[in-house]
Amino acid sequence: MLPDSGFDGELATTQDKNHAESLTPGDTLTMGLLSFFRPSFHHGIHPAQHKDTGDAPIRRLPFAERLVIPLGQHIGKPARPIVHRGQEVVRGEPIAEADGFLSVPIHAPATGTIRGIELAPTARGPKADAILLDVLHGSSQEVLYGAPQDLDALSREELVRAVQETGMVGLGGAAFPTHAKMTMPDGHHVDTVLVNGCECEPYLTTDHRVMLEDTENLIKGVRIAMRATGAERALIGVEDNKMDAVEAIRAKLPADDSMTVHALRTKYPQGAEKMVIKALTGREVPSGGLPSAVGVSVFNVASLAQLGTLMPRGQGLIERVVTVTGPAIERPGNYLVPLGTPIRFVLDTLGRESGPGSVVLGGPMMGSAIASLDVPVTKGTSGILVFRHAPGAEHLGRQVQPCIKCGRCVEACPLSLNPSQLGLLAAKREYDAMAEQYHLFDCFECGSCSYVCPSYIPLVQYFRIAKAILRERSATR
Amino acid sequence: MNVTDPRLLVQPSPLLKQRMRTDQAMRDVLYALLPATLAGLWYFGLAALLVILSSIAGALITEWVFSPAQARSARLLDSSGLLTGLLLGLTLPPALPLWMAFIGGAVAIGLGKLVWGGLGYNLFNPSLVGRAFLGATFPIAMTTWSPGAGPADFFQVYESTLTPPFMQASYDAVTAATPLGLMKFEYQSTPLWDLVIGKTSGCIGETSGLLLILGGVYLAFRRGLDWRMPVSILASVLLFTGALYLLDPAKYPGPLFSLFSGGLLIGAIYMATDPVTSPLTPRGTWIFGVGVGLLVVLIRVFGGFPEGVMYAILLMNSATPLIDRYTQSRVFGKGIKTE
């Protein structure tokens, strides 16, 4: 049950060396000094970045023979299917509709025949309902379905509804329905749209490529978000390890100063919602509150770039950019993958080394290792990381040593929690004290504490268990 | 399918891990102490080496005997017992009978660490527990200071060194008071340079201020210690003794003398910084450090003993849980009013 990552450590040293060779010490020093003065948040960590696919242009992946399209790809109620077995669908056509406000529709990622609606494995573990789609052999990836619309003619409410119609969710990984972020609770006013291009997770480079290659659509998307929320300004935040993206965006900014782009210090978890708000606006989202409490709404760059592409054409979200990388993949890169493509197909197409290892969906800090390659790419899949299990790695980092209260976790926690104390309480099963005195439920499981712990205590794992047990208790009470 | 479905290893995130390990951190402290240890051997010869080895042996053997069989190798390999033994050895008088050093090491691990539940659970610094025990049990042996023979007579050990177990030690005719003793009881000052390089009598490892600071700087760069701890202790000692010195330079020792004499440097850099027994947060560390500094000055100047670093740190150790409780950082987003 321990985060065995001896193999990552090995990898970290070799790749760091390569990285250092391309920079002179002077470069590194000036970059480091400049970076120090850039806005950021307190604490945080600096894991090796491994962003080797940052200069790999986005390429299309072919269709798999069969797509598996889960109905619940977003936070909220799963979508309601509107197709039946044997029905023929066209790429881009809606196949499931939103079930209530906190839900989004799903569109057919390919032209083909509906095979049925069955239980299929998901990244989280338990099987869930999914639409199976047999792709028409040799069909094109061009999207013909769609009803172009004049966005300027739409009212604010109509615009938000149109966003929902695209099926858009947060593509950074959280998969929270985008239109829901544009609808404020009564009495809340949003003055700032915050565009999150931090991509602070190691390995992932999808946001980076989208900012470079799809800049114009991103700007269009930002404008849609500003109109839909009623915000006066938009701040685009990018970690300063992607200065080319900052420049690309700056070159395309409108002249009216309503949008600005800012380089932020490269530090994990800079891309976490609360952290990026703190860095760019200095505002602190209250504990347990939403960003709208401080007048901010946060959107991921890839989501807005997709909105900028899809909305004028009246199309839906059917594909996304995924970083496929890691030591055990033969052709790493950034790929535009149809939603519903099984991970097995992606790995077969790009070549995966045989032998034991881990396949992680999302980033290495917060992503989840999957137990089956039949899990499909969904709207929230930002990366597929393929690790090799190095021989002898079992001995590395397996042994948990006692907490010596060194305080590294305290210095790492972006929320200034006390992971050391929380860990000791978890070991004693004093879950109530964890929640009441040490703010367990503020933790968003970024993994910084586990990352730095020299005693290899799986702190985040302890916290997940404690939260689950407390939730279960309060549910049964 | 051109790839056979390989074994998928499922593990919880995060999958990345910093490679620093607790035992490496412990070994860093050992390396940092090496120069001061070698200086001790240079000044006090083979006897000092034997005292240190006896203390380490006492610590490790106790750790081995009282650990469950399956935990033995892990506990010995984490180097914490070795470090406790070495730190204790460095704070012992060079002419201490070896059997006493051995008992000191055993008590440091046994009463200082194992009875609390092992590494990480002890309230007091283990090596200081061992030293306090020796001070209370063998007060004469622990306060009899022998002059260093120097490197010329490295293999010359003291008469008392090889005293058989549980026998009274007999000492050489010549003994030498420590700089703090000279100051307290005879109002004699020691040249500052001798204090800096360690050419004085005293405990094995505490005499060379320069090398202790050097090791501390290394540790600070390796992030093996919280720089706030030594800085706050030393600054508060400088401040308090400086104030007293200004009041009456004839009666009170100067601040620099206070800094480099006795066990202040080894205590401030290597013992107060023990993470297990010191506060977690930066704020707590400042409070702890100033507390130690104040107690050191109080004991040294107004107390009955010439030296007070050991008791100052032990007393503040006992306050650590309290300090920790009252110096929790403000959690992000707490205490913010919603608009």
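Convention: sequence-line order gives letters A, B, ...; per-chain numbering from 1. None of these values were measured; they are calculated from a predicted model.
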Checked A/Cys453, A/Ser368, A/Pro414 vs chain B; the most non-hydrogen pairs under 4.5 Å come from A/Cys453
Counting only heavy atoms from other residues, nucleotides and ligands, does the tally under 6.0 Å from OH of B/Tyr121 exceed 12?
no
Here the gap from B/Arg19 atom CZ to A/Tyr456 atom OH, rounded to the nearest 0.5 Å, amounts to 7.0 Å
Main chain of B/Leu9, side chain of A/Ser358: is a donor-acceptor contact present, judged purely on distance under 3.5 Å?
yes
Looking only at heavy atoms, the pair that brings B/Pro14 and A/Gly447 closest together is CG-O, 3.5 Å
Strictly below 4.0 Å, N to O, side chains only: are B/Lys334 and A/Asp442 in salt-bridge contact?
yes
Is there a donor-acceptor contact under 3.5 Å from the side chain of A/Lys405 to the main chain of B/Pro279?
no
How close do B/Pro12 and A/Gln461 get, heavy atom to heavy atom, and via which atoms?
CB-OE1, 3.1 Å
Pairs of heavy atoms under 4.5 Å with chain B: top-ranked of A/Glu445, A/Glu411, A/Arg408
A/Arg408
Any donor-acceptor pair under 3.5 Å linking the side chain of B/Ser13 with the backbone of A/Gly367?
yes
Could you tell me which portion of A/Lys278 (side chain, backbone, both or neither) has an atom closer than 4.5 angstrom to a non-hydrogen atom of chain B?
side chain
Residue by residue, which of residues 215-226 of chain B have a heavy atom closer than 4.5 Å to a heavy atom belonging to chain A?
B/Arg223
Go through A/Gly288, A/Pro47, A/Gly362, A/Ala371 and name the one with the most non-hydrogen pairs under 4.5 angstrom from chain B.
A/Ala371
What part of A/Met365 gets within 4.5 angstrom of chain B, counting heavy atoms only: side chain, backbone, both, or neither?
both
Tell me the closest heavy-atom pair linking A/Ala48 and B/Leu16, and the distance in Å.
O-CD1, 4.3 Å
With a 4.5 angstrom heavy-atom cut-off, is it the side chain or the backbone of A/Ser372 that approaches chain B, or both, or neither?
backbone
Under 4.5 Å from any heavy atom of chain B, what part of A/Phe41 do you find: side chain, backbone, both or neither?
neither
List the atom of B/Gln18, the atom of A/Val452, and the distance in Å for their closest heavy-atom pair.
OE1-CA, 3.5 Å
Intermediate values then yes/no, side-chain contact (heavy atoms from CB on, under 4.5 Å), A/His42 and B/Phe332:
CA-CA 9 Å; A/His42 282 301; B/Phe332 188 96; over 6 Å; no
Heavy-atom distance under 4.5 Å to chain A: side chain of B/Asp23, backbone, both or neither?
both
Of all the heavy-atom pairs spanning B/Asp78 and A/Gln401, show the shortest one and how long it is.
CB-NE2, 3.9 Å
Can you measure from CD1 (A/Ile370) to CG (B/Leu8) and round to the nearest 0.5 angstrom?
6.5 Å
Contact leader toward chain B among A/Val410, A/Val360, A/Asn418, A/Leu417, where contacts are heavy-atom pairs under 4.5 Å
A/Asn418
Taking atom CZ of B/Arg72 as the centre, report whether more than 12 heavy atoms of other residues, nucleotides or ligands fall under 6.0 Å from it.
yes
Neighbour count above 12 (heavy atom, 6.0 Å) for A/Glu330 CD
yes
Under a 4.5 Å cut-off applied to non-hydrogen side-chain atoms, are A/Ser287 and B/Val331 in contact?
no
At a 4.5 Å cut-off on heavy atoms, which part of A/Ser455 comes close to chain B: side chain, backbone, both, or neither?
both
